[in-house]
Amino acid sequence: MRVLITGAGGQLGTDLAAFCSAAGDEVYGFDRAGLDVASRSAVHSAVTSLQPEAVINCAAWTAVDACEGDPDRALALNGTAVRWLAEASHRIGAHLVQVSTDYVFDGTLDRPYHEWDDTDPQSVYGLTKLIGEQEALVLGASATVVRTSWVCGVNGNNMVKTIMRLAEAHPQLSFVDDQIGHPTFTHDLAPVLRRLALDRLSGVVHATNQSACSWYQFAGAVVAAMGKDPGMVVPIATADLHPARPAPRPANSVLDNAVLRMAGFAPLRDFREPLGETVAALLAASAG
Ligand code: NDP
């Protein structure tokens, strides 16, 4: 497959580009300096000249709290940029895979969210990502919107790295026990994104690692994978966070991977398996 990957300098884009290359694809991976997705002319020029069979958009403005303070920038990067990618892909017959988020939901449902549940974003980030979903799908069937959650990997910034850093510096850590989700690891998600691009599956798909947990439980699992006592992590409530974060987080971020299941995909692994691999890789890297 000839595939163009945007946001290839980010945590997901880095692993996706590596996975596609290893699978034998002709990969054109662009970081922000290489291709600014907010520039319509740059997007059209890259897509038209390279003629990819698939475009996988991993670029986004993912600083959830910062998005609250600059909605126009969030809209440009998470929303209208996807229109440029969709129209350019449509023009040459390429399949577009747009990566999206659990933040399109308000998180109040008392069961896992499936692909057909009503969206109701509570933050600028969530709203602009929802607009990106709509822009991806508006031109027809040749696009997949892949919602995922709590993304972590060896590259870039994420909660695994934050928890590991805090666990080395402090005897006790506090994490909220009233926000639950599916931690998802880039090296497990990348093969699913590639498969969806190859299959040209249309519409909205939820793709996450399995086993729901709270951030408190996740932090305990990270600490345990480091060989430390998970008892060093204590549970708190979101209401105990001071100051409160600018953007509200969904209490329930658990995404049911219903479409993948119905399409015959094997479920992604329990998050503890890729978590263990990621912590081991990070510990090995820090040991030199
Ligand atoms: P990262 O922030 O690691 O990667 C996003 C990349 O997009 C960064 O490398 C960033 O570059 C790049 N980017 C920003 N603006 C532009 C631009 N104008 N043109 C081109 N590239 C740009 O995020 P993730 O890898 O974690 O996220 C991948 C996808 O997954 C996103 O769609 C995100 O919304 C989604 N997602 C992420 C979750 C998470 O927990 N992280 C959860 C659910 C979904 P730079 O660093 O230089 O700004």
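In listed order, ligands and their atoms are each counted from 1. Only heavy atoms go into these numbers, but all of them, side chains included; no hydrogens, no water, no symmetry mates. Note that the structure is predicted; figures quoted are calculated from it, not measured.
Side chains of H95 and E53: no donor on one and acceptor on the other come within 3.5 Å. In summary, the side chains of Q11 and N158 do present a donor paired with an acceptor at a separation below 3.5 Å, with no hydrogens or angles considered. With hydrogens and angles left out, the side-chain atoms of S142 and R200 include a donor and acceptor closer than 3.5 Å. Looking only at atom types and distance, the side chain of Q179 has a donor-acceptor partner in the side chain of T238 under 3.5 Å away. Side-chain contact annotation: D270 with S211, donor-acceptor N/O pair under 3.5 Å present. Checking D15 against T186 by side-chain atom types alone, a donor-acceptor pair falls below 3.5 Å. S253 and D102 share a donor-acceptor pair across their side chains, judged by distance under 3.5 Å alone.
Numbered from 1 in the order shown, with element, the atoms of ligand 1 that lie under 4.0 Å from a heavy atom of A59 read 7 (O), 20 (C), 21 (N), 22 (C). Every atom of ligand 1 is numbered from 1 in the order shown, and the set under 4.0 Å from a heavy atom of K129 is 31 (C), 32 (O), 33 (C), 34 (O). Contact atoms of ligand 1 toward G9: 9 (O) (distance under 4.0 Å to a heavy atom of the residue). In the vicinity of L77, heavy-atom distances shorter than 4.0 Å reach the ligand 1 atoms 15 (N), 18 (N). Close approach of ligand 1 to L35 (heavy-atom distance below 4.0 Å) involves ligand atoms 19 (N), 20 (C).
At the shortest separation from atom 29 (C) of ligand 1 among protein heavy atoms lies V99 CG1, 3.6 Å. Protein heavy atom nearest atom 9 (O) of ligand 1, with residue, atom name and distance: G10 N, 3.1 Å. For atom 19 (N) of ligand 1, the closest heavy atom belonging to the protein is V37 N, 3.0 Å. Atom 34 (O) of ligand 1 has as its closest protein heavy atom Y125 OH, 2.6 Å. Given atom 22 (C) of ligand 1, the protein heavy atom at minimum distance is R32 CD, 3.6 Å. Regarding atom 37 (C) of ligand 1, its nearest protein heavy-atom neighbour is V151 CG2, 3.8 Å. Of all protein heavy atoms, the one lying nearest to atom 28 (C) of ligand 1 is C58 O, 3.6 Å. Nearest protein neighbour of atom 24 (P) of ligand 1, counting heavy atoms only, is Q11 CG, 3.6 Å.
Ion pairing of R194 with D199 is absent here, as no side-chain N (NZ or NE/NH1/NH2) approaches a carboxylate O to less than 4.0 Å. A salt bridge links D117 with R111: the distance from a Lys NZ or Arg NE/NH1/NH2 to an Asp or Glu carboxylate oxygen falls below 4.0 Å.
Taking distance alone, with nitrogen or oxygen atoms compared against 3.5 Å, D36 approaches ligand 1 more closely than that limit. Any N or O atom pair closer than 3.5 Å counts here, and A60 shares at least one such pair with ligand 1. The shortest N or O to N or O distance between L12 and ligand 1 is under 3.5 Å.
When each of Q98, H206, E115 is tested with R147 by the rule side chain to side chain donor-acceptor pair (under 3.5 Å), just one qualifies, namely H206.
Considering N157, D102, T62 only, the shortest heavy-atom separation from atom 27 (O) of ligand 1 involves T62.
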